[in-house]
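Just below is one structure, and these are the notes that go with it.
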2 protein chains.
Amino acid sequence: MRPLTHPSIEDITVEGILHALSDPVRAAIYARLACAERANTCSAFLQLDDRTIPKSTLSQHFRALREAGLIRSERRGVEMLNTTRCEEIQQRFPGLLQAIIQAHSIQSAGHGKPTPRRKGAAAKAKAG
Amino acid sequence: MRPLTHPSIEDITVEGILHALSDPVRAAIYARLACAERANTCSAFLQLDDRTIPKSTLSQHFRALREAGLIRSERRGVEMLNTTRCEEIQQRFPGLLQAIIQAHSIQSAGHGKPTPRRKGAAAKAKAG
DNA sequence: TCATAAGTTCGTATGTTGCGAACTATTGAA
DNA sequence: TTCAATAGTTCGCAACATACGAACTTATGA
């Protein structure tokens, strides 16, 4: 078990961020971490959007997020506490994470998954 | 040779956009298309950032961009004219593409490729 | 020392990507 | 027509990436 490695802020790349967040599972994890009040364990995500993620897969996803520089993970006894590094990234790439998270929420709103409340949202998008 | 397919605007996904732009070659192509005055052919990108991209690889990259909804391609005689669909996407996911392109340019500026001018930029980022 | 719990790593099956070779349009001669 | 040239596409395979069950490591508490 190698010790946890986090890239320094100047080693974080846009490609890495985009690739990490182009996976729906990782994007969901990151979104939940981003609006969490306090750190979350990995196992808090074994249930994600009505779907069960295997433990080993989850571990890989957390590693991907960590190595992309999106989250910081810290051992705390037997478990692991994960937080986002959004302030750092906001400094380096202003507006990037915010735009991505907002886009994800626009999309899931349109697909009627969360907040299936407002009526004209999906219809309006057809103006292409 | 199947006819060119473009997704309708409501079928464009954030995951698809992020994945397409997480590749440095595609990101470079898209960035150049985005600030181009008029449509560009595929072969205009055979030379990209001091690097030669094989024709077949380039074709795959254009297909990826097209199917992600990022560009529109149109046959014009023997060649193909490519333009971005940024206005449509801006409507659906406001600020997303702008933030990504800006982040890419911040990054390449930091790596001393274009505008290798300012001095303390890299050192200051170490405050992580 | 043992059981349990939280994550990680390994092995393998399956998917994705890069690129040369062969192919398909389209155009413009002859 | 037929031929050559040009712009892209598709095929096939090797290399790389990903998902997940099984086995492992590390920390904790009885």
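By convention in this document, chain letters (A, B, ...) are assigned in the order of the sequence lines, proteins followed by strands, and residues within each chain are numbered from 1.
Where B:V78 and A:R76 meet DNA chain D, the nucleotide closest to each residue was compared, and B:V78 sits on the side nearer the 5' end.
Atom CZ of B:F62 is separated from atom C1' of D:dA7 by 12 Å (rounded to the nearest Å). Rounded to a whole Å, the CZ atom of B:F45 is 13 Å from the P atom of D:dT9. Look at CZ on B:R75: it is 8 Å from P on D:dG8, rounded to the nearest Å.
Salt-bridge check for B:E88 with B:R72: passed, with a basic side-chain N closer than 4.0 Å to an acidic carboxylate O.
Judged by distance alone, the side chains of A:T52 and A:Q47 do bring a donor and an acceptor atom under 3.5 Å apart.
Follow the hydrophobic side-chain contacts under 4.5 Å out from A:M80 and you never reach A:V78; the two are in separate clusters.
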Practice task
Quick one, give me the B/S/- string for nucleotides 12-23 of chain D, reading 5' to 3', where B means a protein heavy atom under 4.0 Å from the base and S means that only happens at the primed atoms, P, OP1 or OP2.
Solution key: ------SSBBB-
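Bracketed by its first and final contacts, the part of DNA chain C lying under 4.0 Å from non-hydrogen atoms of chain B reaches from C:dT17 to C:dT27 in 5' to 3' order.
For the pair B:S43 and D:dG8, the criterion of a side-chain N or O lying under 4.0 Å from OP1 or OP2 is met.
Closest approach of A:R51 to A:V25, counting heavy atoms only: NH2-CG2, 4.3 Å. Of all heavy-atom pairs spanning A:S73 and A:L4, the tightest one is O-CD1, 3.4 Å.
Other residues, nucleotides and ligands contribute more than 12 heavy atoms inside 6.0 Å of the CD atom of A:Q90. Counting non-hydrogen atoms of other residues, nucleotides and ligands closer than 6.0 Å to CD of A:E67 gives a total above 12.
A:L18 places a side-chain heavy atom less than 4.5 Å from the side chain of A:I100.
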